[in-house]
Amino acid sequence: MSSAITCSNISKSFGNKRVLDNIDLEITAGEIFGLLGPSGAGKTTLIKIITGQLAADRGKAQIGKTESQKLSGNDYKSYGIMMDDFGLYERLSCFQNLKVFARIYGIDNERIREVLSSVGLAGDMNKPVAKLSKGMKSRLKLARVFMIDPSVLFLDEPTSGLDPSTAEDIHHLIEAERKRGKTIFLTTHNMTEAEKLCDHIALLNEGVIVEYGTVNDICKRFYHQRLFNVELNNGEKISIPQNESAADRIFQLLKQNQIATIHSAEPNLETIFLELTGRTLAV
């Protein structure tokens with residue numbers, strides 16, 4: 001598979017603060033890549049460098065074979081960006097908001113209606129943005145990205161602050177784009193979201209990538225505490241080491257009908273991040 005996004009030795013500082021430090025990434029075309037880290041880790045800065053909004057102090061980023069600082073107008077038509085600071089026009093309707101951008105890209109009104117329908121806003125296309133819920137505004141921002149049918153999508157915290165049901169709807173929209181062959185660069189601090197959506201992830205802490213790989217491979221690498229966590233019917237919780245005697249112990253508990261639940265104690269991304277950095281992924 002070809003590379004859709006490449007970062008080589010990217011570093012960036014603002015004043016005396018190093019925001020990104022020697023970032024190397026290669027994202028394959030057609031995958032969902034997740035960049036995980038708490039607020040202030042450098043996630044948004046990296047997107048802005050990759051998309052040519054910011055210049056790196058050192059290193060090179062490129063989309064496809066084009067360096068980020070050399071992207072042309074035609075290049076910009078091939079990718080879409082959803083960022084929290086890319087505002088909407090509050091007094092304009094959903095349809096009017098998209099029409100502003102549609103004129104730039106030469107997109108007709110029928111495409112606007114089509115994309116509003118795809119994100120569940122067909123019945124609200126004439127509603128002013130000021131009257132939309134946070135979840136509906138997120139859908140509208142996605143519609144603006146989808147409208148130009150880009151091959152690469154940059155989604156910066158697309159479900160931040162949304163209720164679980166609305167976030168689930170956004171996930172379905174993202175997965176649908178991946179099925180259409182799109183490459184998606186997703187930033188999040190939501191561990192569950194990354195585990196559900198992403199083919200590969202990178203854990204970013206204070207501008208440094210501290211771990212990279214598939215969720216499954218990373219969790220296997222940090223599976224130090226090999227235990228079975230067992231909750232008995234009486235509420236007691238016990239941990240059984242995964243060794244040759246575990247089978248006999250568990251068999252006896254099962255035979256006595258004492259086990260309510262049993263789980264192996266694999267780490268998740270949150271515990272791994274905590275082990276690596278001493279801090280959580282939460283905001």
Side-chain angles (χ1 to χ4, degrees), residues 2 4-5 27 29-33 47-48 50-53 63-66 68 71-163 165-188 193 196-197:
S2 60
I5 301 167
I27 299 166
E31 76 166 311
I32 298 180
F33 167 78
I47 281 186
K48 288 183 175 180
I50 294 170
T51 56
Q53 300 174 65
I63 301 177
K65 296 182 179 180
T66 305
S68 298
L71 292 168
S72 66
N74 285 330
D75 291 319
Y76 284 117
K77 292 180 181 179
S78 67
Y79 69 84
I81 311 170
M82 177 189 176
M83 304 185 79
D84 192 49
D85 58 357
F86 281 19
L88 300 169
Y89 299 105
E90 294 282 318
R91 295 184 180 182
L92 299 183
S93 69
C94 295
F95 185 88
Q96 290 167 333
N97 261 272
L98 295 193
K99 193 167 184 178
V100 170
F101 294 94
R103 286 175 177 172
I104 298 171
Y105 292 99
I107 294 170
D108 61 28
N109 291 348
E110 186 55 37
R111 174 59 180 163
I112 297 175
R113 295 187 183 94
E114 179 185 309
V115 75
L116 285 172
S117 178
S118 74
V119 299
L121 291 176
D124 300 287
M125 68 171 60
N126 295 318
K127 182 180 290 186
V129 167
K131 295 185 178 181
L132 301 181
S133 67
K134 185 176 177 64
M136 293 168 76
K137 288 179 179 179
S138 293
R139 289 170 182 264
L140 184 57
K141 289 180 180 180
L142 278 176
R144 193 169 65 190
V145 173
F146 296 164
M147 182 175 63
I148 62 173
D149 199 24
S151 58
V152 181
L153 289 75
F154 295 90
L155 306 180
D156 191 18
E157 303 276 2
T159 61
S160 178
L162 301 184
D163 63 84
S165 177
T166 304
E168 181 77 10
D169 290 340
I170 298 296
H171 292 166
H172 290 320
L173 293 171
I174 293 171
E175 289 175 324
E177 288 300 297
R178 191 256 294 275
K179 288 178 181 176
R180 296 181 62 218
K182 306 304 178 70
T183 304
I184 300 170
F185 187 114
L186 174 75
T187 72
T188 183
E193 182 169 83
K196 176 182 178 181
L197 295 176

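Predicted model, so just to flag it, every value in this text is computed and none were measured.
A pairwise comparison of heavy atoms in Thr166 and Gly135 identifies CG2-CA, 3.7 Å as the closest pair. Annotation for Ser138 and Pro158: closest pair OG-O, 3.9 Å, computed over non-hydrogen atoms.
Sorted by first and then second residue, the pairs that involve residues 113-158 and meet ring-ring contact (aromatic ring centres under 6.0 Å, His included), not counting sequence neighbours, are Tyr79-Phe154, Phe154-Phe185. Sorted by first then second residue, the salt bridge (charged side-chain N to carboxylate O under 4.0 Å, His left out) pairs that include residues 128-140, not counting sequence neighbours, are Glu90-Lys137, Arg139-Asp169. Screening residues 123-143 for ring-ring contact (aromatic ring centres under 6.0 Å, His included), with sequence neighbours left out, gives no hits.
By the salt bridge (charged side-chain N to carboxylate O under 4.0 Å, His left out) test, Glu114 pairs with Arg111, sequence neighbours left out. For Asp163, there are no salt bridge (charged side-chain N to carboxylate O under 4.0 Å, His left out) partners two or more places apart in sequence or in a different chain.
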Worked verdict on Ile32 versus Ile174 for side-chain contact (heavy atoms from CB on, under 4.5 Å) | CA-CA 9 Å; Ile32 298 180; Ile174 293 171; 3.9 Å; yes

Please walk me through it: do Leu155 and Thr187 pass side-chain contact (heavy atoms from CB on, under 4.5 Å)?
-> CA-CA 6 Å; Leu155 306 180; Thr187 72; over 6 Å; no

Would you please test Lys141 and Met136 for side-chain contact (heavy atoms from CB on, under 4.5 Å) and show each step?
-> CA-CA 9 Å; Lys141 289 180 180 180; Met136 293 168 76; over 6 Å; no

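Here the CZ-CG distance, from Arg91 to Asn97, works out to 13.0 Å after rounding to the nearest 0.5 Å. If you take CD1 on Ile112 and OG on Ser117, they are separated by 13.5 Å, rounding to the nearest 0.5 Å. Interatomic distance, CD of Glu157 versus CD1 of Ile47, reported as 9.0 Å (0.5 Å rounding). Atoms OG and CD1, on Ser78 and Ile63 in that order, are 7.0 Å from each other to the nearest 0.5 Å. A distance of 12.0 Å separates CD in Glu175 from CD1 in Ile170, rounded to the nearest 0.5 Å. Note that NZ of Lys99 is 15.0 Å distant from OH of Tyr89, once rounded to the nearest 0.5 Å.
Salt bridge present: Glu177 and Arg180 bring a charged side-chain N and a carboxylate O closer than 4.0 Å. Under the 4.0 Å criterion applied to side-chain N and carboxylate O atoms, Glu168 and Lys196 are assigned as salt-bridge partners.
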List the atom pairs, donor and acceptor, that lie under 3.5 Å between side-chain atoms in residues 118-130 and the rest of the protein, sequence neighbours left out.
from	atom 1	to	atom 2	distance (Å)
Ser118	OG	Val115	O	2.7
Asp124	OD1	Lys127	NZ	3.2

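With 3.5 Å as the limit, one finds a donor-acceptor pair spanning the side chains of Glu193 and Thr188. Under 3.5 Å, the side chains of Glu31 and Thr183 contain no donor-acceptor pair of N or O atoms.
With respect to Leu153, the side-chain contact (heavy atoms from CB on, under 4.5 Å) criterion is satisfied by exactly one of Arg178, Lys182, Met82: Lys182. Applying side-chain contact (heavy atoms from CB on, under 4.5 Å) to Met147 and the options Leu116, Leu142, Leu98 leaves one that passes, Leu98.
Side-chain N or O atoms of Thr159 include none that pairs as donor or acceptor with a backbone N or O of Leu162 at under 3.5 Å.
In this structure, the side chains of Asn109 and Phe95 come closer than 4.5 Å at one or more pairs of heavy atoms. No side-chain heavy atom of Ser68 sits less than 4.5 Å from a side-chain heavy atom of Thr51.
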